[in-house]
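Quantities reported herein were computed from a predicted structural model and do not represent experimental measurements.
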Amino acid sequence: MSHHCHDEHDDHHHHHVGGAEHDHSDDITPAVQFSLYQQINFDEITTLNEQVHGSGKAIIKKTWAERLETEPEVVSDADEQLIINVPFTAQIKLHSLLLRTSPSPSAPRTLRLLANADIHDFSQAEDSAATQEFELSQTSEIQELPVKRARFNAVQSLCLFFPDNFSQGEEDETRISYVGFKGEWMTRGQAPKNIVYEAAARPTDHTVKGTDVKGVGHTNQGQ
């Protein structure tokens, strides 16, 4: 199940992401409260098997306000597999990952997420045990993938390995248009930052296909 955040005009606590100009409408959402956007080390992002150099970095540089824009997108090159390595400037506690693909056969089918893994090629990615694996949905809506937080409580980098798509081997191109991260972060010797206290979500409020983790830490305010 994907989670689509709609306009919340009654929320007057404006949360800016990345300093981007916006219209104070659909980006004023609880999702932005946990955003790790400013903790991403954009200069060191690497993508393997991308058609256009820098496109993997470009989709991660999209702000929450830009999440539904179709361009830029990253497209796989030689085959359907993609790897995106994302380092952070602080130690993070990951809560969830946000993803936008499409309803087409080029949408990725599986995501293998590896924490603090130094992955340089696809054989290494295939041989490495995933910290958590997700079965994705074939949709253009934002998919929110809650992680098993105990496995992601001291993260300095993430490897996103997309081994296949929905074409069952018929389509060599895998396409992704947005990736975002939610959680808390810590600098050395300090307590976790970006903690937002909120009403606890009901366990039935948030579920994601292919996971047994409930969306604790989300809020349904205004929905």
Side-chain angles (χ1 to χ4, degrees), residues 1-5 31 40 42 45-64 66-87 94 96-115 117-148 151-152 157-182 206-213 215:
M1 180 182 299
S2 60
H3 306 292
H4 209 61
C5 294
I40 298 171
F42 292 107
I45 293 173
T46 59
T47 306
L48 304 184
N49 197 38
E50 59 183 348
Q51 274 187 21
V52 178
H53 179 70
S55 57
K57 179 189 301 186
I59 68 166
I60 295 176
K61 289 189 79 170
K62 284 183 179 179
T63 64
W64 174 253
E66 299 167 332
R67 68 196 182 281
L68 300 181
E69 296 182 6
T70 56
E71 297 290 340
E73 69 175 352
V74 62
V75 183
S76 65
D77 190 12
D79 58 24
E80 74 277 14
Q81 296 192 334
L82 273 170
I83 288 175
I84 306 177
N85 289 302
V86 183
L94 188 66
S96 62
L97 184 143
L98 303 166
L99 188 71
R100 185 171 189 256
T101 60
S102 74
S104 74
S106 63
R109 186 183 187 96
T110 308
L111 167 60
R112 301 185 69 208
L113 194 57
L114 295 88
D118 194 17
I119 303 296
H120 300 289
D121 58 56
F122 286 92
S123 60
Q124 184 184 7
E126 290 171 349
D127 292 341
S128 300
T131 312
Q132 189 169 349
E133 184 168 314
F134 300 91
E135 181 183 346
L136 305 176
S137 298
Q138 198 173 7
T139 177
S140 59
E141 294 188 355
I142 298 292
Q143 301 176 63
E144 180 154 18
L145 310 172
V147 302
K148 298 178 179 178
R151 301 182 184 180
F152 294 90
S157 67
L158 288 170
C159 173
L160 286 65
F161 175 34
F162 301 92
D164 54 9
N165 59 27
F166 279 92
S167 73
Q168 298 181 336
E170 297 298 319
E171 174 62 66
D172 284 342
E173 291 186 346
T174 294
R175 296 174 177 267
I176 304 166
S177 61
Y178 175 77
V179 175
F181 306 94
K182 289 170 63 175
H206 304 280
T207 58
V208 174
K209 180 180 179 183
T211 72
D212 58 358
V213 182

- Query: Do Asn49 and Ser76 have side-chain N/O donor and acceptor atoms under 3.5 Å apart?
  - Reply: no
- Query: Is the CD atom of Glu71 crowded by more than 12 outside heavy atoms at less than 6.0 Å?
  - Reply: yes
- With Asp172, which residues qualify under side-chain contact (heavy atoms from CB on, under 4.5 Å), at least two apart? Glu80
- Item | Any Phe134 side-chain heavy atom under 4.5 Å of Leu97 side chain | no
- Shortest non-hydrogen contact from Leu94 to Ser96? CD1-O, 3.6 Å
- Message: Nearest 0.5 angstrom please: Leu111 CG to Glu133 CD, how far?
- Response: 8.5 Å
- Message: Quick check against the 3.5 Å criterion: does Arg100 have a side-chain atom that pairs as donor or acceptor with the backbone of Ser140?
- Response: yes
- Item | Any donor-acceptor pair under 3.5 Å from Glu126 side chain to Ser123 backbone | no
- Message: Less than 4.5 Å apart, side chain to side chain, heavy atoms only: is that true for Leu113 and Leu145?
- Response: no
- Query: Mind checking whether Val86 and Val179 have side chains closer than 4.5 Å, heavy atoms only?
  - Reply: no
- Task: Check whether any side-chain heavy atom of Lys57 sits under 4.5 Å from a side-chain heavy atom of Thr47, and report yes or no.
- Result: no
- Item | Non-neighbouring partners of Ser104 that pass side-chain contact (heavy atoms from CB on, under 4.5 Å), sequence neighbours left out | Ser102, Ser106
- Message: Keeping Glu50 on the side-chain end and Ser55 on the backbone end, is there a donor-acceptor pair under 3.5 Å?
- Response: yes
- Item | Non-neighbouring partners of Ile119 that pass side-chain contact (heavy atoms from CB on, under 4.5 Å), sequence neighbours left out | Ile83, Asn85, Leu114, Ala117, Gln124, Ala125, Ser128, Cys159
- Task: Look at the side chain of Arg109 and the backbone N and O of Asp164, then say whether any donor-acceptor pair between them is shorter than 3.5 Å.
- Result: no
- Are any non-hydrogen side-chain atoms of Leu48 and Leu82 less than 4.5 angstrom apart? no
- Query: Looking at side-chain heavy atoms only, is the closest gap between Asp79 and Phe122 below 4.5 Å?
  - Reply: no
- Note on the structure: Between Pro146 and Gln132, the two heavy atoms sitting closest are O-NE2, 3.6 Å
- Let me know which of Ile60, Ile59, Ile142 forms a side-chain contact (heavy atoms from CB on, under 4.5 Å) with Tyr178. Ile142
- Note on the structure: For Arg175 and Pro108, the nearest pair of non-hydrogen atoms, with its separation, is O-CD, 3.6 Å
- Are the side chains of Phe162 and Thr101 in touch, meaning some heavy atoms are under 4.5 Å apart? no
- Main-chain N/O of Leu136 paired with Gln143 side-chain donor or acceptor, under 3.5 Å: no
- Message: Quick one: does any side-chain atom of Lys62 pair with a main-chain N or O of Pro72 as donor and acceptor, under 3.5 Å?
- Response: yes
- When rounded to the nearest 0.5 angstrom, what distance separates CZ in Arg112 from CG in Leu160? 12.5 Å
- Item | Phe166 side chain reached by Glu171 side chain, heavy atoms, under 4.5 Å | no
- Message: One pair to check against side chain to side chain contact (heavy atoms under 4.5 Å, CB included): Val75 and Val52. What are the steps and the verdict?
- Response: CA-CA 7 Å; Val75 183; Val52 178; over 6 Å; no
